[in-house]
Protein chains: 2
Amino acid sequence: MESLLSSLKINVNTCLYIKDPESSELGQNIISKSIDLIEELGIENFNFKKLGSAIKSNESSIYRYFENKYKLLQYLSALYWGILEYRLVIETNAVEDSSKKLLKAIKVLTLTPQNIAYYSNLDQLKLRNIVISEFTKSYHHKHVDSDNDDGNFKIYKRLVLRLVEMIKDARPDYAYPKSLACQIVEGALQQYFMQRHFTSLVDSTDDKKVYDFFKDITINALKIQ
Amino acid sequence: MESLLSSLKINVNTCLYIKDPESSELGQNIISKSIDLIEELGIENFNFKKLGSAIKSNESSIYRYFENKYKLLQYLSALYWGILEYRLVIETNAVEDSSKKLLKAIKVLTLTPQNIAYYSNLDQLKLRNIVISEFTKSYHHKHVDSDNDDGNFKIYKRLVLRLVEMIKDARPDYAYPKSLACQIVEGALQQYFMQRHFTSLVDSTDDKKVYDFFKDITINALKIQ
DNA sequence: CAAATCTAATAGTAATACTTTCATTTAATG
DNA sequence: CATTAAATGAAAGTATTACTATTAGATTTG
């Protein structure tokens with residue numbers, strides 16, 4: 001499975017970049033080093049000048065790949081959701097029972113993954129940290145609708161809709177499949193952020209408890225198993 | 001109830017401002033006009049210069065009240081959660097049955113309120129729009145921990161913990177009261193944002209459905225009623 | 001009235017987010 | 001191998017923003 005995935009290219013929406021960063025060594029450096037830097041500094045303190053000197057290249061060269069740092073963040077997010085989508089499809093594909101399939105999906109979506117080189121050589125755990133801390137800011141702004149029209153969140157929405165289908169398969173008459181799917185995917189990020197920064201609002205700092213919580217919610221809401 | 005609340009002062013953490021904006025007319029103008037402007041422009045496109053000319057005052061005068069626009073956002077958020085906390089307490093206080101009390105609380109926390117002048121003359125619906133669009137950004141950044149230490153999110157956390165107590169009262173052996181409370185409070189904001197900007201991920205654009213969803217989740221998770 | 005405080009206006013600083021230009025290096029092709 | 005095209009690097013330049021400092025006038029308070 002690893003080798004299968006590492007030979008796949010995740011087709012991020014072309015609106016997200018000016019020049020495909022996978023097409024050159026500089027582009028690949030931009031991606032891998034920006035993951036380090038954004039995780040370390042946060043998107044607000046990160047800029048292309050700092051990234052330029054970190055990869056011994058120039059600010060203006062990076063602008064030839066990405067319009068601005070927020071597009072880069074959306075690109076990185078799309079990459080993350082793309083990787084997660086592949087894992088979701090592959091790990092649930094063989095499961096026949098619809099309830100078991102759904103629970104397996106929730107596992108993939110809520111547990112911290114091993115840092116296997118699924119995709120090129122980027123650090124999946126750092127990428128996940130970026131998504132936990134920064135993804136919400138990639139769409140909470142005034143041009144969210146045009147970004148959406150451009151397709152910048154396509155992979156994310158496709159992933160959520162895959163979960164919606166699994167919920168419907170497990171319980172066709174459930175009234176809120178989309179709300180539940182959103183709450184699982186987005187809520188998992190939220191729970192991990194809370195674990196790190198709002199410990200008084202958290203029942204347990206154990207990763208597995210995030211899964212347990214959403215599993216419990218889902219089983220009871222859908223009345224399965 | 002209206003008159004009771006309109007005579008109450010919500011004690012926002014003093015770290016959030018330099019000079020109490022309620023102590024002068026200029027300060028009150030800053031608050032009411034910033035609600036209009038932040039709702040209209042979003043926090044990124046909003047700045048103190050624009051606010052200054054909107055209230056026919058000066059940038060530098062506003063800096064005497066707030067350190068920067070993000071502190072102002074945290075102040076406005078605290079105000080919102082403070083108003084919600086009062087409504088929560090008052091509207092659930094008389095309810096004796098713990099399950100009914102909890103469901104009433106969820107109603108207060110998830111439904112769009114009437115724009116009653118609960119608190120001074122600020123526009124509660126606009127304030128709510130700001131919280132839906134901007135609150136997540138008030139703590140998703142690198143200095144969240146020191147802001148938290150300063151007490152900037154105290155009212156928000158107190159509100160969530162009130163809900164936690166109600167969940168525990170309704171079902172003392174439930175394993176995830178804090179996770180559930182967070183998901184209700186934060187998830188409601190998320191659902192409203194989705195209704196507005198990610199319609200393909202939404203079951204219904206009816207406000208009441210947000211309440212129905214969280215009510216259903218809670219009833220089934222806690223096995224009440 | 002006098003003292004203290006508050007506010008407005010202006011100017012100024014430092015950082016950021018780009019853009020432009022142009023020289024140089026690298027890669028592609030005949 | 002030579003020519004051409006494309007990609008990159010270096011440097012300088014622009015516009016905006018976030019904030020500070022200064023000062024003078026207005027307002028409040030004792």
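Just so we're on the same page: letters track the sequence lines, and every chain starts at 1.
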[X] side chain near [N] phosphate (N/O to OP1/OP2, under 4.0 Å):
X       : N     : result
A/Ser24 : D/dT8 : yes
B/Ser57 : C/dT7 : no
B/Tyr65 : C/dT7 : yes
B/Ser61 : C/dA8 : yes

Using atom [atom1] of [X] as one end and atom [atom2] of [N] as the other, report the distance to the nearest whole Å.
X       : N      : atom1 : atom2 : result
A/Glu59 : D/dG13 : CD    : P     : 15 Å
A/Phe46 : C/dA15 : CZ    : C1'   : 16 Å
B/Leu26 : D/dT28 : CG    : P     : 13 Å
A/Ile18 : D/dA7  : CD1   : C1'   : 14 Å
B/Ile62 : C/dT7  : CD1   : P     : 11 Å
B/Tyr70 : D/dC19 : OH    : C1'   : 13 Å

Relative to A/Phe153, does A/Arg158 satisfy both conditions: NZ or CZ under 6.0 angstrom from the six-membered ring centre, and within 45 degrees of the ring's axis?
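Not flagged: A/Arg158 not positioned over aromatic ring of A/Phe153.
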Cation-pi, B/Tyr17 ring and B/Arg64 (6.0 angstrom, 45 degrees)
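That pair does not qualify as a cation-pi contact.
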Given [options], which nucleotide is nearest the side-chain atoms of [X]?
X       : options                : answer
A/Tyr63 : C/dT19, D/dT8, D/dA10  : C/dT19
A/Asn47 : D/dC19, C/dT16, C/dT20 : C/dT16
B/Arg64 : C/dT7, C/dA17, D/dG9   : C/dT7
B/Asn58 : C/dT7, C/dT10, C/dC18  : C/dT10

With a non-hydrogen cut-off below 4.0 angstrom, is B/Lys49 in contact with a base, only sugar-phosphate, or nothing?
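Counting heavy atoms under 4.0 Å across all strands, no contact is made by B/Lys49.
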What contact category does A/Glu25 fall into here, base, sugar-phosphate, or nothing, at under 4.0 angstrom with non-hydrogen atoms?
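Nothing: the residue A/Glu25, judged by heavy atoms under 4.0 Å, touches no strand.
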Verify the neighbour count for atom NZ of A/Lys71: are there more than 12 heavy atoms of other residues, nucleotides or ligands below 6.0 Å?
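Buried by this count: over 12 neighbours within 6.0 Å.
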At what distance, to the nearest 0.5 angstrom, does CD1 of A/Ile38 lie from CG of A/Leu72?
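Spacing of CD1 (A/Ile38) from CG (A/Leu72) equals 4.5 Å.
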Testing A/Tyr75, A/Tyr86, A/Phe135 for ring pair (Phe, Tyr, Trp, His ring centres under 6.0 Å) with A/Trp81, which one passes?
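By the ring pair (Phe, Tyr, Trp, His ring centres under 6.0 Å) criterion, A/Trp81 pairs with just one of A/Tyr75, A/Tyr86, A/Phe135: A/Phe135.
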